[in-house]
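What you are looking at is a predicted structure, and each value in this text was computed from that prediction instead of being measured. Chain letters run A, B, ... following the sequence lines, proteins first, then strands; residues in each count from 1.
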Amino acid sequence: MEQEYKPHEIEKKWQKYWNESGIFQAEPDKREKFFITIPYPYLNGNLHAGHTRTFTIGDVVARHKRMLGFNVLYPMGFHVTGTPIVGLAELIASRDPQTMDVYERLHGIPGDILPTLETPEKIVDYFKLEAEKAMRMIGYSIDWRRKFTTTEETYKKFIEWQYIRLEEKGLIVKGSHPVKWCPNDNNPVEDHDILHGEEATIVEYTLIKFRYKDLVLPCATLRPETTFGVTNLWVNPDVGYVKARVEKDGYTEFWVVSREAFRKLTFTDRTVEYIEDIPAKSIIGIKLTNPVTDDEIISLPASFVRPENGSGIVMSVPAHAPFDYLALRDLYDADLSDYGITEDLRKIELISLIKAPEFGEFPAKEIVEKMGITSQKDPKAEEATKIVYRREFHGGMLKEITGKYEGHAVSKIKDILTRDLISSNAGEIFYEFSEPVICRCGTPCVVNMVKGQWFLNYSDPEWKAKVYRCLSQMRIIPEEYRVEFENKVDWLKDKACARKKGLGTRLPIDKEWLIESLGDSTIYMSYYIIAKFIEKGDLALEHLTLSFFDYTLFGKGDSAAVSAETGLDSGILEEIRSDFNYWYPVDLRSSGKDLVPNHLLFFLFHHVALFEEENWPKALAVNGFVSLEGQKMSKSKGPILTLESAVQEYGADITRMYILSTAEQTQDADWHKTGIESARRQVDRFYSFAKDVIENGERAKLGTEFKQIDCWMLSRMQDYFLETNVALDSIQTREAIQNSFFLLINDVKWYQRRGGKTLLYYILDNWVRLMAPFTPHLCEEIWEAMGHKEPISLTQYPLYNEDYMDEGAELAEEVIKGTLEDIEEIIRVTKITPQKVLLYTSPAWKVAVLKCACEMQLEASLEVGTLIKVLMANPDLKRFGKDIPKFVQKIIPEFKSGGADRYEIFAGPGLDEHALLKESASFLEKEIGCPVEIYSADSPAYDPEKKSRFAEPLRPAIYIEGKKGE
RNA sequence: GCGAGGGUUGCCCAGCUCGGUCAAAGGCGCCGGACUUAAGAUCCGGUAUCGAAGGAUUUCGUGGGUUCGAAUCCCACCCCUCGCACCA
């Protein structure tokens with residue numbers, strides 16, 4: 001081996017070897033298979049630290065399983081369908097300064113190449129080569145024969161087939177959906193087009209239609225159930241209102257809304273026509289009908305009503321809404337004769353409709369009085385609203401006044417009620433932003449209903465039920481995410497699955513549309529099986545008919561018929577089918593947690609829709625994000641750290657080691673320079689340990705005479721084997737590296753410090769295999785230097801061997817370590833320079849007491865009194881009658897709290913402390929730097945300060961002679 | 001607002017599923033020592049507070065509670081991160 005660790009040389013060598021030997025090209029055989037997939041990367045940039053984390057986790061699992069004897073398939077493809085690549089091409093073509101800067105400087109695209117990437121095709125061609133190069137550079141054990149790009153014609157055939165089959169099952173439907181829309185550009189706005197309000201979401205309001213003569217005064221609300229408690233409406237006297245003709249779903253009505261609301265309505269799926277302006281005054285003081293209760297209510301003036309919110313008219317529920325209560329109270333003594341209102345507003349009775357545990361009849365009134373809120377303008381009014389809302393929503397039940405809804409939880413009523421309101425034409429759905437949205441062009445955006453859109457019918461209850469069943473049979477890693485998945489299945493609504501822009505496959509049932517890119521990446525794991533045959537030249541585009549996919553992936557039909565139709569050899573067809581049967585289902589799909597509510601969910605939906613239950617996925621795993629020096633990464637704006645640049649700077653193994661050990665599983669990782677620098681030193685240490693062992697010509701000496709420390713080391717290693725395997729099985733790479741590397745290296749240090757030699761080769765032999773999934777190049781190199789011919793990637797992973805566990809040795813070593821620490825502490829505290837250390841092992845009677853206690857513990861009869869009684873009955877012990885109770889009282893609590901394992905080991909196999917300390921005396925002398933003498937507390941030859949009385953089993957007494965320092 | 005995750009000793013981060021052995025693993029940083037002409041690397045020790053004998057005391061977001069005993073269980077509250085869609 002080279003004197004110095006040179007990662008790049010080693011890595012190049014082994015990557016070449018892996019590639020040429022084809023050892024990661026997986027073919028079916030007799031072994032049990034393991035099919036692991038990671039979502040293919042979307043190529044609008046180079047692979048970065050986030051990909052590095054997700055893909056490296058996948059590779060480690062793949063390598064671990066392979067070393068455990070599984071036949072592992074780890075394939076990879078490239079995702080390019082959708083709009084971002086088109087957008088990027090446009091930005092490059094227009095030489096957008098930020099884009100040019102970020103892509104040249106941070107993505108590392110050479111300055112002479114970047115300007116040529118002016119079309120989506122060129123971008124795809126460039127990045128797919130770069131991505132593969134990067135993944136090879138970091139040493140992923142991918143079967144590259146199966147790679148593909150999602151714009152390939154053959155892949156499009158596969159997608160077309162899938163959508164035809166989904167449509168046949170009735171899972172693709174047509175409908176409308178709301179989008180953020182700029183009326184000026186006449187286009188949907190995407191997040192990067194937004195000047196203000198990037199955070200805004202589209203909120204679903206219910207529009208309650210209050211009626212006055214032939215007019216409708218609609219009010220938008222998030223809490224339709226409160227319609228039962230409406231006492232009045234609020235109209236702003238200073239706002240301009242209009243009357244409009246509104247047509248929808250066959251009805252025609254005349255609505256009065258604010259001017260702003262009218263504009264918004266024109267973008268909804270209603271036909272609206274302006275009729276005339278309506279002075280605010282003319283709709284104040286009128287008597288309307290509540291469409292739900294048929295009660296007559298009055299409209300009142302209120303300046304807090306904002307014309308741009310909802311319809312510009314607000315319904316008032318003073319029993320439950322503090323603002324409404326305050327506004328109403330403020331009017332009690334106002335002169336409203338101007339509006340023709342003469343009645344006494346105090347006569348308006350509050351209507352209570354929700355029973356919430358913390359409140360009485362009128363929560364709004366109650367809280368306003370309790371908090372001492374004086375008017376609508378009081379900032380505390382906002383807080384009061386929140387409190388009431390929260391308590392009512394979570395703990396509230398609908399009262400009798402709500403009729404058939406009585407007893408329903410407030411939190412569960414919205415969907416039911418909205419549906420009923422719509423069917424009785426008492427209400428409608430109305431979409432609104434959670435905050436104002438302004439387009440880049442400066443125009444306020446609106447919610448627009450896009451009509452005639454194609455949807456994947458994810459809300460279908462039967463479909464969801466299948467996904468639930470699938471989930472319930474799956475392993476979710478970590479298990480805490482199961483509830484998250486279940487929630488998301490619940491929440492998922494129909495999803496628009498086609499769009500007009502971008503790269504992709506045309507929707508076969510409506511060629512005007514392109515299949516949206518999340519929808520074309522749901523069951524492509526099965527395509528990896530086919531891709532190999534395409535690459536080999538066995539399959540051509542014309543072979544990929546519907547029946548071809550039906551046969552190979554579903555097992556429908558027979559090979560002879562498909563062969564006749566496609567002209568394919570039936571042997572090939574059967575081989576593909578049999579490959580599919582071997583590799584499917586997916587055993588593990590592992591991904592970043594950002595894909596939980598979208599891709600991973602769709603992955604499940606499409607699998608359960610199309611495949612038989614036996615081919616449903618087996619397990620899902622999620623991991624956290626990666627940030628850079630505390631900053632969030634951004635592909636388009638930076639900062640970003642590419643996989644390639646990390647590997648170039650630090651090497652593949654160090655990069656892998658760092659990214660895997662810096663954070664656990666779903667925790668986010670922060671990549672920082674000091675962290676990876678230290679990983680470099682750690683790997684260096686491992687290298688030099690290996691080099692030393694190999695150069696010293698050490699060989700396995702298992703079975704020769706073992707010293708205490710050898711037994712200890714062997715035992716400890718078994719523990720790390722166990723922990724590492726368990727951690728890897730649950731994809732806790734940090735825990736795995738903690739055990740297989742950091743804890744182990746510390747034990748190896750102790751082993752060598754204690755003079756251990758015999759096991760050095762054994763340690764290396766196992767350690768290098770243990771580390772192989774994490775730092776595979778380095779481990780191959782060491783393995784080869786040890787004289788092995790087979791690559792380490794295909795050898796057996798170390799497994800826990802119970803026979804090598806040695807509790808006695810571990811306990812003995814603990815005693816030595818503890819004794820050394822105690823001595824050092826005494827020296828530190830007393831500041832004496834030791835000249836001689838005297839150790840006294842426990843007197844025999846204390847040992848006898850312990851043994852007796854252990855026996856009684858086993859019989860579960862251990863009590864202070866009974867133990868003392870038993871001991872006193874023993875004539876040999878009775879002599880120590882004065883000391884026994886004290887010792888017993890000290891020991892018993894340890895037993896009671898379950899902390900007496902060590903005593904049981906001590907009492908069981910037996911540990912000769914005196915011999916142990918004698919044997920270790922020279923070690924202690926070396927460490928402390930002065931002579932160490934061992935005595936028994938039973939008959940100490942020298943004990944000037946009577947320290948021996950402190951001696952206990954596993955805790956020798958210490959006396960230090962020396963000069964007192966400053 | 002809804003959903004999910006998280007707040008631990010200078011920092012990162014374990015432990016908290018199964019309360020006691022937890023002043024709390026590991027890494028980083030820092031301090032001291034060994035080695036070295038020196039630096040780096042490596043090794044050893046320290047790193048809540050107090051302590052001239054291996055000990056004691058106060059800590060694990062805040063406030064309560066359960067218990068002989070809580071970082072760990074229960075309740076309330078505060079704060080932070082992420083997702084909420086047609087976009088990959």
Side-chain angles (χ1 to χ4, degrees), chain A residues 39 41-42 44 79-85 177-180 188 190-192 199 201-203 222 386 389-390 393 411 434 450 453-456 479-481 483-485 487-488 490-499 502 516-519 521 593-599 624-625 632 635 661-664 666-670 672 674-675 677-679 681-682 684-685 688 732 734-735 737-739 741-743 745-746 749 752-753 818-819 821-832 893-894 896-902 927 945 947 950 955-960 964-966:
Chain A
Y42 184 76
N44 63 337
H79 195 206
V80 299
T81 38
T83 53
I85 286 177
H177 80 276
V179 294
K180 293 175 190 167
E190 289 170 33
D191 271 353
H192 58 266
E199 304 286 293
T201 53
I202 294 174
V203 183
L222 283 170
K386 275 189 181 166
Y389 183 92
R390 197 178 307 153
F393 185 83
S411 56
S434 56
V450 174
Q453 173 66 275
W454 288 100
F455 285 90
L456 279 159
E479 184 59 32
E480 298 93 88
Y481 263 74
V483 59
E484 172 81 349
F485 276 105
N487 285 343
K488 293 301 177 194
D490 238 358
W491 154 92
L492 192 66
K493 295 184 190 160
D494 288 356
K495 164 111 174 60
C497 64
R499 51 182 306 162
E516 192 273 324
S517 74
L518 282 170
S521 51
K593 63 185 175 186
D594 50 331
L595 300 189
V596 170
N598 44 69
H599 166 71
F625 306 121
K632 209 178 151 179
K635 274 188 198 171
S661 64
T662 193
E664 191 67 278
T666 55
Q667 298 280 358
D668 295 339
D670 187 26
H672 46 109
T674 54
E677 297 283 355
S678 116
R681 286 200 298 274
Q682 306 290 3
D684 245 334
R685 261 202 257 179
S688 55
Q732 291 174 291
R734 187 180 203 271
E735 174 81 3
I737 290 180
Q738 202 65 231
N739 278 285
F741 191 77
F742 291 100
L743 297 178
I745 204 169
N746 283 344
K749 275 195 268 181
Q752 291 184 296
R753 194 172 157 195
T819 305
E821 280 166 9
D822 283 348
I823 295 168
E824 283 174 339
E825 184 171 354
I826 294 167
I827 292 170
R828 185 166 7 97
V829 170
T830 59
K831 300 189 180 69
I832 56 181
E894 292 189 49
K896 294 282 178 203
S897 65
D901 293 2
R902 48 206 308 268
E927 292 292 324
E945 289 197 14
K947 292 287 184 190
F950 296 117
R955 195 94 207 268
I958 299 165
Y959 174 62
I960 301 176
K964 298 217 163 135
E966 293 303 303

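A:Tyr42 meets the ring pair (Phe, Tyr, Trp, His ring centres under 6.0 Å) test with A:His79; sequence neighbours excluded. Every residue two or more places apart in sequence or in another chain that forms a side chain to side chain contact (heavy atoms under 4.5 Å, CB included) with A:Gln732 is listed here: A:Glu664, A:Gln665, A:Ala727, A:Ser730, A:Glu735. For A:Gln738, the side-chain hydrogen bond (donor to acceptor under 3.5 Å, both in side chains) test picks out no residue, with sequence neighbours left out. For A:Asn598, there are no side-chain hydrogen bond (donor to acceptor under 3.5 Å, both in side chains) partners two or more places apart in sequence or in a different chain. Scored by the side chain to side chain contact (heavy atoms under 4.5 Å, CB included) test, A:Thr666 finds A:Pro478, A:Tyr481, A:Val622 as partners (sequence neighbours excluded). Residues satisfying the ring pair (Phe, Tyr, Trp, His ring centres under 6.0 Å) test with A:Tyr959, not counting sequence neighbours, are none. Scanning for side chain to side chain contact (heavy atoms under 4.5 Å, CB included) contacts around A:Ile745 gives A:Arg685, A:Phe741, A:Trp767, with sequence neighbours left out. In this structure, A:Arg828 has no side-chain hydrogen bond (donor to acceptor under 3.5 Å, both in side chains) partners at least two apart in sequence or on a different chain. Remark: A:His177 pairs with A:Phe455 by the ring pair (Phe, Tyr, Trp, His ring centres under 6.0 Å) rule, at least two apart or across chains.
Taking atom CD of residue A:Gln453 and atom C1' of nucleotide B:C86, one finds them 8 Å apart after rounding to whole Å. When rounded to the nearest whole Å, the span between CG of A:Asn598 and P of B:C84 equals 8 Å. Rounded to whole angstrom, the span from the CG atom of A:Asp822 across to the P atom of B:A56 amounts to 12 Å. Taking atom CD of residue A:Gln732 and atom C1' of nucleotide B:U17, one finds them 12 Å apart after rounding to whole Å. Note: CD (A:Glu825) to P (B:G45) measures 14 Å, nearest angstrom. To the nearest angstrom, C1' of B:A85 lies 9 Å from CG of A:Leu518. Note: CZ (A:Arg685) to C1' (B:C43) measures 9 Å, nearest angstrom. Here the C1' atom of nucleotide B:C2 and the CH2 atom of A:Trp491 are 11 Å apart, to the nearest Å.
In this structure, A:Ala679 reaches neither bases nor backbone, as no heavy-atom distance under 4.0 Å exists between it and the strands shown. Base engagement by A:Tyr959 is indicated by at least one non-hydrogen atom pair under 4.0 Å involving a base atom. Residue A:Asp494 is classed as a base contact, given a heavy-atom separation below 4.0 Å to a base. The residue A:Phe950 sits close to a base: some heavy atom pair falls under 4.0 Å. Base contact: A:Pro956 has a heavy atom under 4.0 Å from a base atom. Counting any heavy atom pair closer than 4.0 Å across all strands shown, A:Ile827 reaches no nucleic acid atom. No engagement by A:Glu927 is indicated, since no non-hydrogen atom pair under 4.0 Å with the nucleic acid exists. Residue A:Ile960 is in base contact, counting any heavy-atom pair closer than 4.0 Å across all strands shown. A:His79 comes within contact range of the sugar-phosphate backbone alone, with a heavy-atom separation under 4.0 Å but no base atom that close.
A gap of 49 Å separates the P atoms of B:C84 and B:G40, to the nearest Å. Nucleotides B:C80 and B:G61 have their C1' atoms positioned 11 Å apart, rounded to a whole Å. For B:A39 and B:C22, the C1' atoms lie 40 Å apart once the distance is rounded to whole Å. Taking atom P in both B:U58 and B:C13, the straight-line distance is 30 Å, to the nearest Å. Going from the P atom of B:C77 to that of B:G1 covers 12 Å, rounded to whole Å. With P as the reference atom, B:C31 and B:C68 are 49 Å apart, rounded to whole Å.
Within the structure, a side-chain polar atom (N or O) of A:Ser517 is placed less than 4.0 Å from OP1 or OP2 of B:A88. A sub-4.0 Å separation between OP1 or OP2 of B:G55 and a side-chain N or O of A:Arg955 is present. When the side-chain nitrogen and oxygen atoms of A:Lys593 are compared with OP1 and OP2 of B:A4, none of them lie within a distance under 4.0 Å. At B:G51, none of the side-chain N or O atoms of A:Arg828 fall inside 4.0 Å of OP1 or OP2 (strictly under the cut-off). For the OP1/OP2 pair of B:C44 and a distance below 4.0 Å, the side-chain nitrogens and oxygens of A:Lys749 include at least one atom meeting the criterion. An OP1 or OP2 oxygen of B:G54 is reached within less than 4.0 angstrom by no side-chain nitrogen or oxygen of A:Thr819.
Atom CD1 of A:Ile958 sits about 10.0 Å away from atom NZ of A:Lys947, to the nearest 0.5 Å. If you take CD1 on A:Ile737 and CG on A:Leu743, they are separated by 12.0 Å, rounding to the nearest 0.5 Å. In this structure, the separation between NZ on A:Lys749 and CG on A:Asn746 is 4.5 Å, given to the nearest 0.5 Å.
Remark: RNA chain B forms stems of 3 or more consecutive Watson-Crick or G-U wobble pairs, all pair distances under 3.5 Å, at B:1-7 with B:78-84, B:10-12 with B:26-28, B:29-34 with B:42-47, B:48-50 with B:55-57, B:61-65 with B:73-77.
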Nucleotide N/O of nucleotides 10-14 of chain B paired with protein N/O under 3.5 Å:
| from | atom 1 | to | atom 2 | distance (Å) |
| --- | --- | --- | --- | --- |
| B:C13 | O2' | A:Arg734 | NH1 | 2.9 |
| B:C13 | O2' | A:Arg734 | NH2 | 3.4 |

Close N/O contacts between protein and nucleotides 29-34 of chain B (under 3.5 Å):
| from | atom 1 | to | atom 2 | distance (Å) |
| --- | --- | --- | --- | --- |
| B:G29 | OP1 | A:Arg681 | NH2 | 3.4 |

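Salt bridge absent: A:Glu484 and A:Lys593 never bring a charged side-chain N and a carboxylate O closer than 4.0 Å.
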| message | Could you go through A:Trp491 and A:Lys488, starting from their C-alpha distance and side-chain angles, then the distance that decides it, and tell me whether this counts as side-chain contact (heavy atoms from CB on, under 4.5 Å)? | response | CA-CA 5 Å; A:Trp491 154 92; A:Lys488 293 301 177 194; 4.0 Å; yes
